[in-house]
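Note sheet for the following structure.
Residue indices begin at 1 and follow the sequence shown.
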Amino acid sequence: MGFLSVLSCAHQWIGSRLQPGDFAIDATVGTGADTLFLAKQVGQRGQVIGFDIQNEALTLAQARIRKQSESSKLGSISMMELSHARMAEAVPGAWIGKVGAIMFNLGYLPAEGADASIMTETTSTITALEAAIKLLRPRGIITVVLYPGHEGGDQEADAVSTWATALPVEQAQVVMYRQLQRQTSPYLIGIEKK
């Protein structure tokens, strides 16, 4: 058995911390794989909010969720056509300091025919990460999958890594999961709030 993919590793880290009834956020909905994963983890009593700037992404995610055979076991899901940079203003006040997990899967929408020039941007991603830290409960987790192999992805990955490295150890523990031989391979940063 080989190493986990970065996405599988992110799911494993979150799955070990997220509880039924928790609040969770998918900061970058994309095709909805992480949104669905979070909704399964929080169960019927939990809630998930997803953000994406592209209506196409939300449509793909809704189709994925509709295909789920055990939809009665999912948490409630709200999706917003909104930048993750506006997360702080869009999330209910009752969620502040109580969110169990927030997932970021940066880059562009990986769907056939999607416009790859529409991608996450460094400034909005850092703003969203700063909001995410405030939303987390103690022992809550943020996962960030970074893609340095595409144009612009390397600068965003460097900025996120620099931001995460600068977090005070009293506030959070930060770890990285990465294949070291290929600098352009996707990698994962996990941030657990203390």
Show every ring-ring contact (aromatic ring centres under 6.0 Å, His included) that has at least one partner inside residues 134-174, sequence neighbours left out.
Tyr108-His150
Minimum heavy-atom separation for Glu151 to Met119, with atom names?
O-SD, 3.6 Å
Mind checking the NE2-CG spacing from His84 to Leu129? Nearest 0.5 Å is all I need.
7.5 Å
State plainly whether one hydrophobic cluster holds both Ile14 and Val6, where clusters connect Ile, Leu, Val, Met, Phe, Trp and Tyr through side-chain heavy atoms under 4.5 angstrom apart.
yes
Point-to-point distance, once rounded to the nearest 0.5 Å, from CG of Leu74 to CD of Gln41
11.0 Å
Closest contact, heavy atoms only, Leu146 versus Ala157
CD2-CA, 3.6 Å
Between Thr28 and Asn105, is there a donor-acceptor pair closer than 3.5 Å when you use the side chain of the first and the backbone of the second?
yes
If you compare all heavy atoms of Val29 against all heavy atoms of Ala57, which two are closest, and at what distance to 0.1 Å?
CG1-O, 4.4 Å
Tell me, do Lys40 and Gln68 make a side-chain contact under 4.5 Å, heavy atoms counted?
yes
Side-chain heavy atoms under 4.5 angstrom apart, residues restricted to Ile, Leu, Val, Met, Phe, Trp, Tyr: same cluster for Val99 and Ile191?
yes
Taking atom CD of Glu130 and atom OG1 of Thr125, what is their separation to the nearest 0.5 Å?
11.0 Å
Straight-line distance of Asp26 CG to Ser78 OG, nearest 0.5 Å:
12.5 Å
Rounded to the nearest 0.5 angstrom, the CG-NZ distance for Asp22 and Lys98 is 12.0 Å
Test side-chain contact (heavy atoms from CB on, under 4.5 Å) applied to Glu192 and Arg139, step by step
CA-CA 6 Å; Glu192 183 181 61; Arg139 292 208 18 90; 2.9 Å; yes
Before you tell me yes or no, could you show the steps for Glu56 and Ile118 under side-chain contact (heavy atoms from CB on, under 4.5 Å), namely the whole-Å CA-CA distance, both residues' side-chain angles and the distance that decides it to 0.1 Å?
CA-CA 12 Å; Glu56 179 185 359; Ile118 301 171; over 6 Å; no
Working for side-chain contact (heavy atoms from CB on, under 4.5 Å), residues Leu106 and Val160:
CA-CA 10 Å; Leu106 303 178; Val160 169; 4.2 Å; yes
Are Trp13 and Val175 close enough that some pair of their side-chain heavy atoms sits under 4.5 Å apart?
yes
Please check: side-chain N/O of Lys134 versus main-chain N/O of Ile96, any donor-acceptor pairing under 3.5 Å?
no
Can you confirm whether more than 12 heavy atoms, excluding those of Gln62, are under 6.0 Å from its CD atom?
yes
Locate the shortest heavy-atom distance separating Phe23 from Ala94; write the atom from each residue and the value.
CE1-O, 4.2 Å
Option passing side-chain contact (heavy atoms from CB on, under 4.5 Å) with Ser161 (candidates Ile189, Val144, Val174)
Ile189
In terms of heavy-atom contacts, Ile126 and Ala159 come closest through CD1-O, 3.9 Å
Sequence neighbours excluded - side-chain hydrogen bond (donor to acceptor under 3.5 Å, both in side chains) pairs with any residue from residues 170-181
none
Nearest 0.5 Å, what's the CD-CG distance between Glu81 and Asn55?
4.5 Å
Is the CD atom of Glu89 crowded by more than 12 outside heavy atoms at less than 6.0 Å?
yes
Shortest non-hydrogen separation from Phe37 to His11 and the atoms involved:
CZ-O, 3.2 Å
Where the side chain of Arg64 meets the backbone of Thr31, is there a donor-acceptor pair that is under 3.5 Å apart?
yes
Using the rule that two of Ile, Leu, Val, Met, Phe, Trp, Tyr join whenever any of their side-chain heavy atoms come within less than 4.5 Å, decide whether Leu60 and Val48 are in one cluster.
no
Determine, step by step, whether Phe51 and Val91 satisfy the side-chain contact (heavy atoms from CB on, under 4.5 Å) criterion, reporting the C-alpha distance in whole Å, the side-chain angles of both residues, the deciding distance to 0.1 Å, and the verdict.
CA-CA 10 Å; Phe51 294 92; Val91 170; 4.0 Å; yes
Flag yes if Ile142 and Ile49 sit in one hydrophobic cluster, no otherwise; membership is Ile, Leu, Val, Met, Phe, Trp, Tyr, and two members link when side-chain heavy atoms are under 4.5 Å apart.
yes
Can Leu188 be reached from Phe3 by stepping across I, L, V, M, F, W or Y side chains whose heavy atoms are under 4.5 Å apart?
yes
Please list, chain by chain and in numerical order, all residues satisfying side chain to side chain donor-acceptor pair (under 3.5 Å) with Asp52, sequence neighbours excluded.
none
